[in-house]
Amino acid sequence: IPQPDKGRRIYISNIIELYTNINDPLNQGSTLVLSPGTYQLSPIYPKAGRLELQHNMSMIGQPGNPNAVVIDVSGLPLSSYTIPPTSSYPFQLRTGPIRMGNGYNAVEWITFSNSPSNILRSMIQTDIVAKQNVTDAAPLSQVRIANSIIKNSSNGINILIRDGASNGRVL
């Protein structure tokens, strides 16, 4: 699994750039570097407004100052935290607004904020399970969550292996 900051760096200065770059499949393996500011998540964007890190993707704020970059999830409705059933898992799943677990993923130097009235399962979930090749024996994940602040979430980080898609997964 690649180590942090070995891929291309993409500099982000607003919410549109964040959503565009985190969802662009050509940005797998990249590090998204967020400029200081508040990034208000919204359900009008792909994946119901969740931020889902792609394979070997990382997201970093301003080193030494986690308060400089704030990702505010308080604008996401309860429906943003559900994943519809699939053929491999025929039940609706609950998740968090920040999802990772696809190869090497990291979030660092970021404050994640939520309104106390917005009930979350967790702020960050490691529930993305993705084989990169059909011949892979099992999905392999390495996650790093460092130097970050999580506000108003009953479970800040939920590290889990669940359902049949996770069989044999190494996290």
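For this chain, numbers begin at 1 and follow the sequence in order. FYI, side chains are in, hydrogens and waters are out, and symmetry mates aren't considered; it's all heavy atoms of this structure. Keep in mind the model is a prediction, meaning the values are calculated, not measured.
- Not a single donor-acceptor pair under 3.5 Å links the side chain of D24 to the backbone N or O of T20.
- Under the side-chain contact (heavy atoms from CB on, under 4.5 Å) criterion, T111 pairs with P66, N67, V70, I149, K151, sequence neighbours left out.
- With a 4.5 Å cut-off on side-chain heavy atoms, N118 and Y81 count as touching.
- Closest heavy-atom contact between V107 and M100: N-CE, 4.2 Å.
- Distance check, rounded to the nearest 0.5 Å: OG of S58 to CD1 of I10 gives 11.0 Å.
- A 4.5 Å side-chain heavy-atom check between M123 and S113 finds every atom pair outside the cut-off.
- Nearest heavy-atom pair, R144 versus N147, reported as atom, atom and distance to 0.1 Å: NH2-ND2, 4.5 Å.
- Residues I22 and Q54 approach most closely at O-NE2, 2.8 Å, considering heavy atoms.
- Looking at every heavy atom in both residues, G101 comes nearest to N105 through N-OD1, 2.7 Å.
- Scored by the side-chain hydrogen bond (donor to acceptor under 3.5 Å, both in side chains) test, T38 finds no partners at all (sequence neighbours excluded).
- Closest non-hydrogen pair, L34 versus M59, comes out as CD1-CG, 3.5 Å.
- Atom CG of N56 sits about 8.0 Å away from atom CD of Q28, to the nearest 0.5 Å.
- Applying the side-chain contact (heavy atoms from CB on, under 4.5 Å) test to E17 and every residue at least two apart in sequence or in another chain returns I12, S13, N14, N21.
- The side-chain contact (heavy atoms from CB on, under 4.5 Å) check on P116 picks up N152, with sequence neighbours excluded.
- Nearest approach of Q40 to D72, heavy atoms of both residues: OE1-OD2, 3.1 Å.
- Qualifying side-chain contact (heavy atoms from CB on, under 4.5 Å) partners for S80, counting only residues two or more places apart in sequence or in other chains: P43, A48, L76, P77.
- Taking the side chain as every heavy atom from C-beta outward, Y39 and V69 approach each other to under 4.5 Å.
- Pairs engaging residues 57-77 under the ring-ring contact (aromatic ring centres under 6.0 Å, His included) rule: none recorded [sequence neighbours left out].
- A side chain to side chain contact (heavy atoms under 4.5 Å, CB included) with P97 is found for exactly one of L51, I124, L120, namely L120.
- Every residue two or more places apart in sequence or in another chain that forms a side-chain hydrogen bond (donor to acceptor under 3.5 Å, both in side chains) with S117 is listed here: S115.
- Side chains of R8 and N27: a donor-acceptor N/O pair is present below 3.5 angstrom, by distance only.
- Within the model, atoms CD1 of I98 and CD of E52 stand 9.5 Å from one another, a figure rounded to the nearest 0.5 Å.
- Atom OG of S30 is separated from atom CZ of R9 by 10.5 Å, given to the nearest 0.5 angstrom.
- Every residue two or more places apart in sequence or in another chain was checked for a side-chain hydrogen bond (donor to acceptor under 3.5 Å, both in side chains) with S35, and none qualifies.
- Take Y19 and apply the ring-ring contact (aromatic ring centres under 6.0 Å, His included) test, not counting sequence neighbours, and it matches Y45.
- Note that CG of L32 is 10.5 Å distant from CD1 of I60, once rounded to the nearest 0.5 Å.
- Rounding to the nearest 0.5 Å gives a distance of 8.0 Å between CD of Q125 and CD1 of I83.
- Listed by chain and number, the residues in a side-chain hydrogen bond (donor to acceptor under 3.5 Å, both in side chains) with N23 are K47 (sequence neighbours excluded).
- Put simply, the side chain of L53 does not reach to within 4.5 Å of the side chain of N102, judged on heavy atoms.
- W109 is not listed as a side-chain neighbour of Q62, based on a closest heavy-atom distance of 4.5 Å or more.
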